[in-house]
Number of protein chains: 2
Amino acid sequence: MDPRGLAVSFQDVVDAAKRIEAYVHRTPVLTCKSLDRLYGARLFFKCENFQKIGAFKIRGATNAVFSLHEEQARRGVATHSSGNHAAALAQAARWRGIPCYVVMPESAPQVKKRAVEGYGATITYCHPTLEARERALGEVVERTGAFFIPPYDHPLVIAGQGTAALELWEEVKELDAIVVPVGGGGLISGTAIALSSIAPGVRILGGEPERADDAIRSLKLGRIVRPENPDTIADGLRTSLGEFTFPIIQRLVHAIYPVSEKSIVRAMRDIWERMKIVVEPSAAVALAAVSEAGGELQGKRIGVILSGGNVDLDRLPFGIL
Amino acid sequence: MDPRGLAVSFQDVVDAAKRIEAYVHRTPVLTCKSLDRLYGARLFFKCENFQKIGAFKIRGATNAVFSLHEEQARRGVATHSSGNHAAALAQAARWRGIPCYVVMPESAPQVKKRAVEGYGATITYCHPTLEARERALGEVVERTGAFFIPPYDHPLVIAGQGTAALELWEEVKELDAIVVPVGGGGLISGTAIALSSIAPGVRILGGEPERADDAIRSLKLGRIVRPENPDTIADGLRTSLGEFTFPIIQRLVHAIYPVSEKSIVRAMRDIWERMKIVVEPSAAVALAAVSEAGGELQGKRIGVILSGGNVDLDRLPFGIL
């Protein structure tokens, strides 16, 4: 518990970092002069696309799985996820040697389905609605006694996700701002918890697809709203904020910028062409937000968390440019 | 001059490394457990896709440009190239502050044309035949007095390309073999010169598209043969060996493996999906050769030079799989 009344404290992030360090990569921070010129800022990219399972989600999942008591753990873990959290939980469960059950929409990208199966999880497919997922998950948990670890809305998951920003800050220190993509809010709330205590001068910024701008609307309205048919290429960011992530974001995040689909694909292409690395659309949302922020970030030193690199190479979006 | 009668010596590579170190990146060596499992070997990837201009070619071009006497240099440099060498020479010339003239086939990938223009070179387009290129180049050299720096068949270029293998060896040391793509032979002959003296136990291996297998046929016949209509996706490897590269390859290279188009695209896709990095088809040829080599390399420690990452994102080849 945070002294400010939030569900996650800076110490929770530090504890998470220790708990997961033997399992996850300390990913590199890359820079790229040509992108700096193009975006008018000094950019420091935390490359979670190089992370185990190809995304930062392994941090929160590993922290949660290794926090369970032995007796709880033995019955396994379960989740619903559009992809990266599922792969992450499956991998973390395999490391601990416990069963993992995943409820996944039939529409999830093939590459993500294969990854989850490859890590040895048992998959239950459902219709791609939140209601169908929750029903299927309830049945799985009841049948198996597995412990539900949600994709983002859990203090241990949030604390785990915060370790990426902690590492970035340890490596770069002098940052004016950090920008991360916003879906359910796990990464940005973990980031905010990690940096607001040790580096209170760093602005905590988010990028969100304007086609799934529920977080921006939630902040305006002061209550969690769900995205309506979020039709964005950033498939990791279609979820709404949660009971744990929303208050942290309300308190600690300075701004969330809406980004267009074109802007996401443009940023993704810039990263692929100039940095020669593969990132998924959701990761590119953070860089897209740097342009949307406009003048405010010009010439500044900005941390950008490239959240993942799991993209279906048979369905690349560059045609829309 | 090498004591063994070759046109390039180990000392030339060491001199090149000193000459270029202020300009080019010391690129990282990456490893990937999942690719190790898939290819059955311990792979060390020298990531020249992260190099300046996106390819190893900057090494040879920079070595050549900074070796010129002041008076020679002032009139500029010229070359013909399907792409990466042109960008490399343009960038090196800009670093030295001298003019650069490039003759390029109209059919070169858009991304490579833009790069060369971006570095400030003057482009002359020609038909995509060797004869048309050479004629156009002759005219440019006569008109400007520029110094011709060929894409691969020059001792200074070869020595420069050898610096990649030197760095890889300095970092990894215990290698059983090194595998590089073979086009005109600049990279593999530089690699051979760099490693055969300091690490004579390392097998020097090449990969060549079977649709442009002129190097393999040249070695068999004992004379340089030109590829006939080389129709391979590995657009950097369509050239024939040269007067300088051929004898070095004859003397020092242990084997060159032919690889199919499917095998190239498969290797490229494996690298993109598992390492989350962007490499061009020519670079993937080296990994494809690891599979073609079969049993010989199983379980071995293998250096793989990923030669470049300049790929046209609008024309990706994954559909052929």
Side-chain angles (χ1 to χ4, degrees), chain A residues 23-25 27-35 37-38 45 47-56 84 87 91 109-112 114-115 118-119 265-280 283-284 306-321, chain B residues 23-25 27-35 37-38 45 47-56 84 87 91 109-112 114-115 118-119 265-280 283-284 306-321:
Chain A
Y23 300 98
V24 311
H25 287 311
T27 52
V29 177
L30 298 186
T31 60
C32 176
K33 281 186 190 165
S34 123
L35 281 182
R37 274 193 299 273
L38 199 62
F45 294 96
C47 290
E48 291 290 294
N49 57 323
F50 294 155
Q51 187 52 269
K52 292 279 173 93
I53 73 104
F56 75 95
N84 283 332
Q91 172 65 85
Q110 197 56 41
V111 65
K112 296 188 176 182
R114 275 202 306 268
Y119 296 121
V265 177
R266 181 77 262 165
M268 180 171 160
R269 186 171 185 128
D270 288 337
I271 293 168
W272 287 44
E273 281 192 352
R274 290 159 194 264
M275 297 183 72
K276 312 296 182 191
I277 64 175
V278 171
V279 296
E280 57 189 71
L306 294 177
S307 51
N310 294 323
V311 64
D312 193 336
L313 293 179
D314 295 320
R315 297 193 302 178
L316 292 175
F318 301 121
I320 76 164
L321 292 180
Chain B
Y23 300 97
V24 311
H25 287 312
T27 53
V29 176
L30 298 186
T31 59
C32 176
K33 281 187 192 164
S34 121
L35 281 182
R37 273 193 298 273
L38 199 59
F45 294 96
C47 290
E48 291 291 296
N49 57 323
F50 294 155
Q51 186 51 270
K52 292 280 173 90
I53 72 103
F56 75 95
N84 282 333
Q91 172 64 86
Q110 198 56 40
V111 66
K112 297 190 175 181
R114 275 202 305 269
Y119 296 122
V265 177
R266 180 77 264 161
M268 180 170 161
R269 186 169 185 130
D270 288 336
I271 293 167
W272 288 44
E273 280 191 353
R274 289 161 195 262
M275 297 182 72
K276 312 296 182 192
I277 64 176
V278 171
V279 296
E280 55 190 73
L306 295 176
S307 50
N310 294 323
V311 65
D312 193 336
L313 293 179
D314 295 320
R315 297 193 301 178
L316 292 175
F318 301 122
I320 76 164
L321 292 179

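All chains are named by letter (A, B, ...) in the order of the sequence lines, taking the proteins before the strands, and each is independently numbered beginning at 1.
Highest contact tally toward chain A, considering only B/Ile277, B/Leu30, B/Val311, is held by B/Ile277 [criterion: heavy-atom pairs under 4.5 Å].
Scanning for side chain to side chain contact (heavy atoms under 4.5 Å, CB included) contacts around B/Tyr23 gives B/Thr62, B/Phe66, B/Trp95, with sequence neighbours left out. The side chain to side chain donor-acceptor pair (under 3.5 Å) check on A/Lys276 picks up B/Asn310, with sequence neighbours excluded.
Heavy-atom neighbours of chain B within the stretch residues 266-274 of chain A, taken at a separation under 4.5 angstrom, comprise A/Arg269, A/Trp272, A/Glu273. Using non-hydrogen atoms only and a strict 4.5 Å limit, the part of residues 314-321 of chain B facing chain A consists of B/Asp314, B/Leu316, B/Phe318.
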